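Notes for the one structure printed next.
Each chain gets a letter, A, B and so on, in the order the sequences are listed, and its residues count up from 1. Computed over heavy atoms, backbone and side chain alike; hydrogens, waters and symmetry mates excluded. If you're wondering where the values come from, they're calculated on a predicted model, not measured in any experiment.
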Number of protein chains: 4
Amino acid sequence: MDLLDRSYPSRRAELKRSILRAALDCFNTQGIEATTIEMIRLACDTSVGAIYHHFTNKEGLVAALFFAAMEDQSALRLEYLEAAQTARDGVNALVFSYIDWVANQPDWARYQFSARAVVANGPHKEELRERNRVRNQQLQQYFAQLGVGEGMAGLPPELVPSLIIGSSESYCRAWLSGRVQQNPTAYRELLADAAWRSLGAG
Amino acid sequence: MDLLDRSYPSRRAELKRSILRAALDCFNTQGIEATTIEMIRLACDTSVGAIYHHFTNKEGLVAALFFAAMEDQSALRLEYLEAAQTARDGVNALVFSYIDWVANQPDWARYQFSARAVVANGPHKEELRERNRVRNQQLQQYFAQLGVGEGMAGLPPELVPSLIIGSSESYCRAWLSGRVQQNPTAYRELLADAAWRSLGAG
Amino acid sequence: MDLLDRSYPSRRAELKRSILRAALDCFNTQGIEATTIEMIRLACDTSVGAIYHHFTNKEGLVAALFFAAMEDQSALRLEYLEAAQTARDGVNALVFSYIDWVANQPDWARYQFSARAVVANGPHKEELRERNRVRNQQLQQYFAQLGVGEGMAGLPPELVPSLIIGSSESYCRAWLSGRVQQNPTAYRELLADAAWRSLGAG
Amino acid sequence: MDLLDRSYPSRRAELKRSILRAALDCFNTQGIEATTIEMIRLACDTSVGAIYHHFTNKEGLVAALFFAAMEDQSALRLEYLEAAQTARDGVNALVFSYIDWVANQPDWARYQFSARAVVANGPHKEELRERNRVRNQQLQQYFAQLGVGEGMAGLPPELVPSLIIGSSESYCRAWLSGRVQQNPTAYRELLADAAWRSLGAG
DNA sequence: GATGAATGAGCATTCATTCAT
DNA sequence: CATGAATGAATGCTCATTCAT
């Protein structure tokens, strides 16, 4: 099922969905700043007014799209994490959910990379901060439950996320921008193993 | 010595330097798109005409700044790599040079992150591609010399750069955007060790 | 009793009244042009459609408000004039009714000043002209009855209204915009005396 | 000599003058809010950019025009006042300078009436307040010199300006909007006499 | 009658770029 | 070489008004 159908499932939200889809396409193709409201309007055949009615702003549209991606990614992560029993399972869940989400929603992933800076400096920066705070808290709880951090004594907590996800993110970026060819899912296991080793928890 | 004094060392280039410095400040503070030529003019007290005389247009200024950063970073990497004897030395050289450069030139590093997408889609995309090609070739040569890749048989070559530098890059991004506090140089060794372990070459 | 209750006394007109009151507030606070239908809707908690149902369009609302003020002011003037016996009484009636109305309905007076130009150039300009014509005729009749104009021989008729009401209007404007402090009713007698003297009819 | 030539006499300010003249015409013909920058641009055959270069804003243009009128009117008033010896002379100077200015610059006078409210609520409200303060102070000085206020003991000072100028202003407004036909200069003496009588200083 | 989503013409404003001086 | 006034296409956004439900 499509990401947007998950986020806006009702019938009445059809227009909203079609605006978002058109915006995603335009933003990814032309770049966020280079995309004009008129381009989006053309792409989904509505009126300028309708776009503003539903999203207030160009920045509101950018943010709505970004938060939709964030939530979808979060949902997959939680799903994977719920099945995890051990610390190693947890690391796998993070790496796999990250890679699978990017590989399945490359457009949304691409958008997420380019929109983050925009949202983080725009009028929705507070909402972003808050969502990040909540997400980090949830992750900490999960990892506390799993006893992660014990095996990797000595590693500063603020370093751990980079060790777990850094390589995957780096490869996914390279893939999305065409610098490497192979689909990241082909390296799921390698990247999860490498992340685990990098934690020195072997 | 300052990055710009290295790149534009002559006396006559003083104006060029002061424009670049002002532009860097503005771009980092306001964002590249949000910065107007007028803002830069104000910040370095020249005329619009002078800016256009030296850099042709805004994208020329963005690119000049980006390539200056790239070259400075390259120079440090080469310096570190020249002292490397073993594969492990090479990994350390990459990680250390990356971290040290970011930590010493945080403004340039910040700019590099935000400008890459702009340059990669602007009129200087070819020059960027070419520079990347040259850099990758150099790196490959160095690593071939050091016999890197032998100990890590089985790892796809296109994955290796992400394994080496991914975590460091991830942490540096987090540091530049204030999400973590500790200066990345504090974790130089930890990150290099983790990178080495992640390669499975222990 | 409230101006609007006088103009729209029935129970069924409650909504109409609440729209007018909200519009008056908004127009005075933000200015007529700066006030949007949406602001008015918010202020009286109806729907856009309801406003258009009752007043056809924004200019209809502006005019309805203006004519309501005009009628209320007219009613008071007639009331005062009906008690007048002499020319001097007539001048007093005009000055006092003007001042008392402004002092008792400052919001409506303020609105009247700012709306006149709008109505006089909008689609209701004819209605305004007609109402003015009728009012002037009535005044002329009253003054003819009282024999006004005899004592002040030599004064051009078109100058007389300005001599009678000019100073009061000037002071009331100053009071409404905060340039003077004292309530105009404090100067009722002084202004009426001055008007009388200015007619040279002493 | 034209009002604008007095305010912007240099050769280089030619464009500025032509913009102001075009704006005055448009504002008076269509109304300030109804006038678009494009209309003004057409009327003086420049570019939008030039208008913004010289006046920053539509509101800047409105204010520049308003202050130019104010200064021109002030200059005439000072000129007339300088020749005054007695209180009666002073009253005449105020009434005559007011009437003469309106009659000689009807477009500027009309504009002044409609622009005052806009400027008083716009971003230049402070400048307007300050200019008013200075003007009032000057007037007070002049009248103190002339011993005005002595003969009219008992009249509250804040009422005096309305008594002096109220009737003239009222008649001028009526003339500018076509409600009366006779040019106000025809009634200069009558209005000055009436003002003097209204002060009760006879 | 009431509602409010949808419409789209219209506007102020910006800003990279040029070029006469 | 330097200057900065002038250009004008392009854009985000507003808001009165309509009309299907």
Side-chain angles (χ1 to χ4, degrees), chain A residues 12-16 19 32-42 44-62, chain B residues 12 15-16 19 32-42 45-62, chain C residues 12 15-16 19 30 32-42 45-62 122, chain D residues 12-16 19 32-42 44-62:
Chain A
R12 294 194 58 210
E14 202 120 334
L15 173 60
K16 216 164 170 170
I19 295 174
I32 292 177
E33 315 256 2
T35 296
T36 71
I37 296 293
E38 174 64 11
M39 289 174 192
I40 297 171
R41 188 195 66 73
L42 263 169
C44 62
D45 198 51
T46 357
S47 60
V48 203
I51 299 177
Y52 280 89
H53 181 71
H54 286 295
F55 300 99
T56 309
N57 247 341
K58 187 178 172 186
E59 294 193 289
L61 188 44
V62 169
Chain B
R12 295 194 57 211
L15 173 61
K16 217 163 169 172
I19 295 173
I32 292 176
E33 314 257 2
T35 296
T36 70
I37 298 293
E38 171 66 12
M39 288 173 193
I40 297 171
R41 188 195 66 73
L42 260 170
D45 199 51
T46 351
S47 61
V48 199
I51 298 176
Y52 277 86
H53 178 71
H54 285 296
F55 300 98
T56 310
N57 53 32
K58 189 180 172 184
E59 295 194 286
L61 189 44
V62 169
Chain C
R12 293 194 58 211
L15 174 60
K16 218 164 169 171
I19 294 173
Q30 331 272 334
I32 292 176
E33 314 257 2
T35 297
T36 70
I37 298 293
E38 171 65 12
M39 289 173 191
I40 298 171
R41 188 196 65 73
L42 258 170
D45 200 51
T46 351
S47 62
V48 199
I51 298 176
Y52 277 87
H53 178 71
H54 285 295
F55 300 98
T56 309
N57 52 32
K58 189 180 172 183
E59 296 195 285
L61 188 43
V62 169
Chain D
R12 293 196 58 212
E14 202 119 334
L15 172 60
K16 216 164 171 171
I19 295 173
I32 292 177
E33 314 256 1
T35 296
T36 69
I37 297 294
E38 172 64 12
M39 290 172 190
I40 298 170
R41 187 195 67 73
L42 263 169
C44 62
D45 198 52
T46 357
S47 61
V48 205
I51 299 177
Y52 279 89
H53 182 71
H54 286 295
F55 300 99
T56 309
N57 247 342
K58 187 179 171 183
E59 294 193 288
L61 189 44
V62 168

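- With pairs defined as Watson-Crick or G-U wobble and both atom distances under 3.5 Å, the stems of at least three pairs that touch DNA chain F come out as E:2-21 with F:2-21.
- For the OP1/OP2 pair of F/dT7 and a distance below 4.0 Å, the side-chain nitrogens and oxygens of D/S47 include at least one atom meeting the criterion.
- With sequence neighbours excluded, the residues satisfying side-chain contact (heavy atoms from CB on, under 4.5 Å) with C/Q30 are C/A34, C/T35, C/M39.
- Residues C/H54 and A/D45 each lie close to DNA chain E; by heavy-atom proximity, the contact nearer the 5' end of the strand is made by C/H54.
- For C/H54, the side-chain contact (heavy atoms from CB on, under 4.5 Å) partners two or more places apart in sequence, or in a different chain, are C/L15, C/K16, C/I19.
- For the pair A/L15 CG and E/dT7 P, the interatomic distance rounds to 7 Å; values are reported in whole Å.
- Here the rule is side-chain contact (heavy atoms from CB on, under 4.5 Å) with C/L61, and of C/I40, C/I32, C/T56 only C/I40 fits it.
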query: What string of B, S and - do you get for nucleotides 13-21 of chain E, 5' to 3', if B is base contact, S is sugar-phosphate-only contact and - is no contact with any protein heavy atom under 4.0 Å?
result: BBSSBB---
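- Note: CG (B/L42) to P (F/dT3) measures 14 Å, nearest angstrom.
- For C/E33 against C/K58, the heavy-atom pair with the smallest separation is O-NZ, 3.5 Å.
- Between the CD1 atom of A/I51 and the P atom of E/dT7 there is a distance of 10 Å, given to the nearest Å.
- F/dA6 atom P lies 15 Å from atom CZ of D/R41, rounded to whole Å.
- Take the nearest nucleotide of DNA chain F for D/A50 and for B/H53: the residue whose nucleotide is more 5' is B/H53.
- Between D/I19 atom CD1 and F/dA6 atom C1' the separation is 10 Å, expressed in whole Å.
- A search for side-chain hydrogen bond (donor to acceptor under 3.5 Å, both in side chains) contacts involving B/E38 returns B/R41, not counting sequence neighbours.
- C/Y52 is linked by a side-chain contact (heavy atoms from CB on, under 4.5 Å) to C/I37, C/V48, C/N57, counting only residues two or more places apart in sequence or in another chain.
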